[in-house]
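Notes for the one structure printed next.
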Amino acid sequence: MRASGDPYLQHCVETAALLAELGAGPPVIAAGLLHDTVDDAGLDYGSISEQFGAGVADLVKGVSNLSHLSKLARRNDTASRTDEADRLRTVFLAMEDARAVLIKLADRLHNMRTLDSLPKIKQQCFAKETLEIFAPLANQLGILNWKEQLENLCFKHLYPEQYEELSSNLHEFYNRDMIAAAIRRLEQALQVRGLSYRSISGRHKSIYSIYSKMTRKKLDMDEIYDVHGVRVILENKADCFTTLEVVHHLWPRIPGKFKDYVSSPKSNGYDHAKYCYAMYQSLHTVVLSEETLPLEIQIRTADMHLQAEFGIAAHWRYKEGCETLHTDHPSPPGLGSSPRATCTFPSDSDGCPFSYSKQCDHTGPILVILLENEKMSVQELPQNSKILDLLKRASSYDMQLSLRLNSHAVHNLHQELKMGDVLELIPSTPCKSGGYMRELNQMSDHRLAVSQS
Ligand SMILES: Nc1nc2c(ncn2[C@@H]2O[C@H](COP(=O)(O)OP(=O)(O)OP(=O)(O)O)[C@@H](O)[C@H]2O)c(=O)[nH]1
Ligand SMILES: Nc1ncnc2c1ncn2[C@@H]1O[C@H](COP(=O)(O)OP(=O)(O)OP(=O)(O)O)[C@@H](O)[C@H]1O
């Protein structure tokens, strides 16, 4: 039974259903159904592998590893330390098949939907971790719909009064029909003008995004002009300016809200990886709809859009500085040429071009997890660092320890660490004499001598 009183199986089925809705294949859906069997039903890798295949068993094990680290992160309040939370997200993506991360996200989304039945303190703890770690992870993987749902649920639990107030205002304010009507009107006007466009899409801003913008910019709700938005993607720059004319002809403009980031691109700061400035290009205007509500209209070419969504001016970077994968927002027709423009759901780990290891040139530092006395830290080390280098950062110097790297006993302290490795320090008997580091060094020198002889 779950705390809500629902049969436990319901959580497993809902998790699998979320993955199916996303377009996941049978192994991922099966692993979604079985995701808690290692931790909560005492099944081991072998029996899952025997019944469902090694692929499914690997995924279930991967989710279990992520759950274990997530639990430690909650206990250590990692979410409160922004840098460490950032690093943990990178490690999550690096240590497991990206599909295991998706299953963990589906699991978390369902848990967040049913959080009401847990004690208040646990609700807050889960919501905090979800907001700092899992919602940005969903964003990094491009599952924007899950990201918004997670953020909205966190907002509800972390700031219930503000949530209630804003959601009752928005209940009156959100107008989905208006967006659809505006798109239709604009499509017709563009056709009359003989302008061909790649796509016109619309969205209303999520409640958490509105709240964040209000707090970030110290604004009232009626000062947020992009609650309702439409985006037009066209062939070339000239068409963008013609479309702007059409828009301003259709609706009265709200003064002071026009921004020409096409003639004067917006700099998003220096991109150290690419040695250049990240530039964002788009025309933005806010008009007054027939319903007398502000409507933000963004106009850009397909190239500008690719740059905004996937290039160095990318929306994820603009928001939080991470990687992205758009699975639930298919790219507009004709935008398929970029390697980042579309992503079908990967059928295996190698098939996923968005896993950290595939994208990274491995010249930068590595991030690894150090577990000692149930304490978890995410450590950044230079390339080619060894287990010994990591041990120098451990606080439990005076104990005899057994070491496990990614759940396997460590035999060579000079073994090189790689991105996403998890090193566990397991205290056995208290150390009687001598410093811990000296013993470790002796032990490793001895092992090295033996292995070389
Ligand atoms: N990808 C990307 N999108 C951006 C960037 N800057 C702005 N945007 C998008 O453009 C929208 C409007 O940005 P601006 O016109 O600069 O206005 P604003 O910051 O929202 O401020 P207001 O005028 O108060 O609405 C944002 O909500 C984003 O959707 C950027 O650098 N990269
Ligand atoms: N006018 C618009 N039309 C269509 N899609 C939009 C429009 N404005 C933003 N979007 C898209 O909607 C999603 C959510 O945007 P949201 O408004 O929450 O954040 P944002 O664009 O970063 O804004 P801000 O920084 O102003 O809060 C993003 O994928 C964004 O690209």
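Order of appearance sets the numbers: ligands from 1, and atoms from 1 within every ligand.
- Within a 6.0 Å sphere centred on CD of E165, heavy atoms belonging to other residues, nucleotides or ligands number 12 at most.
- In summary, the side chains of T285 and H248 do present a donor paired with an acceptor at a separation below 3.5 Å, with no hydrogens or angles considered.
- Of all the heavy atoms of H305, none lies under 4.0 Å from any atom of ligand 2, so neither backbone nor side chain is involved.
- Taking any N or O of S201, backbone or side chain, none lies under 3.5 Å from an N or O belonging to ligand 2.
- Looking at I224 against ligand 1, nothing comes within 4.0 Å, counting heavy atoms.
- Taking every heavy atom of both residues into account, V378 and E84 meet most closely at N-OE2, 3.4 Å.
- Side chain to side chain, R113 and Q149 meet the donor-acceptor criterion of an N or O pair below 3.5 Å.
- The residue from I233, I297, L295, V230 that puts a heavy atom closest to atom 2 (C) of ligand 2 is V230.
- Close contacts of ligand 1 with K257, meaning ligand atoms under 4.0 Å from a residue heavy atom, involve 22 (P), 23 (O), 24 (O).
- If you look at E296 next to ligand 2, the close heavy atoms, those under 4.0 Å, come from the backbone and the side chain alike.
- When each atom of ligand 2 is checked for a heavy atom of R216 under 4.0 Å away, the hits are 24 (P), 25 (O), 27 (O).
- Residues S67 and K104 have side chains that bring a donor and an acceptor to within less than 3.5 angstrom of each other.
- The atoms of ligand 1 that sit less than 4.0 Å from any heavy atom of Y261 are 14 (P), 15 (O), 16 (O).
- For Y225, no heavy-atom contact with ligand 1 is shorter than 4.0 Å.
- In the vicinity of E296, heavy-atom distances shorter than 4.0 Å reach the ligand 1 atoms 11 (C), 12 (C).
- Heavy-atom contacts of D226 reach the following atoms of ligand 1: 27 (O) (cutoff under 4.0 Å).
- Heavy-atom proximity to L144, at under 4.0 Å, picks out these atoms of ligand 2: 29 (O).
- With respect to E296 and K257, no salt bridge is recorded, no charged nitrogen being found less than 4.0 Å from a carboxylate O.
- No hydrogens or angles considered: nothing links the side chains of D107 and T15 as a donor-acceptor pair under 3.5 Å.
- The shortest heavy-atom distance from H284 to ligand 2 is not under 4.0 Å.
- Comparing heavy-atom distances from atom 30 (C) of ligand 2 across K205, R231, R203, Q298 singles out R231 as nearest.
- Neither the backbone nor the side chain of E223 has any atom closer than 4.0 Å to an atom of ligand 1 (non-hydrogen atoms only).
- By the 4.0 Å N-to-carboxylate-O rule, D226 lies close enough to R203 to be salt-bridged with it.
- Taking any N or O of E148, backbone or side chain, none lies under 3.5 Å from an N or O belonging to ligand 2.
- Ligand 1 has a nitrogen or oxygen under 3.5 angstrom from a nitrogen or oxygen of K266.
- Under the 3.5 Å distance criterion, the side-chain polar atoms of N406 are left unmatched by any main-chain donor or acceptor of D421.
- Within the 3.5 Å criterion, the main-chain N or O of E132 finds a donor-acceptor partner in the side chain of R89.
- The shortest N or O to N or O distance between K213 and ligand 1 is under 3.5 Å.
- Short contacts between ligand 1 and A308, defined as distances under 4.0 Å to a heavy atom of the residue, involve ligand atoms 1 (N).
- Close to ligand 1: K217, with a non-hydrogen atom less than 4.0 angstrom away.
- Salt bridge R193/E245: present, at least one basic N to carboxylate O contact under 4.0 Å.
- Of the polar atoms of K213, at least one N or O is found under 3.5 Å from an N or O of ligand 2, judged by distance alone.
- One distance of note links CG of L195 with OG1 of T242; it measures 5.5 Å at 0.5 Å rounding.
- In this structure, of M304, K259, H284, Q298, the residue bringing a heavy atom nearest to atom 17 (O) of ligand 1 is K259.
- Remark: the backbone N or O of L283 is not paired with any side-chain donor or acceptor of D260 at under 3.5 angstrom.
- Set against the non-hydrogen atoms of S209, the atoms of ligand 2 under 4.0 Å away are 16 (P), 17 (O), 18 (O), 19 (O), 27 (O).
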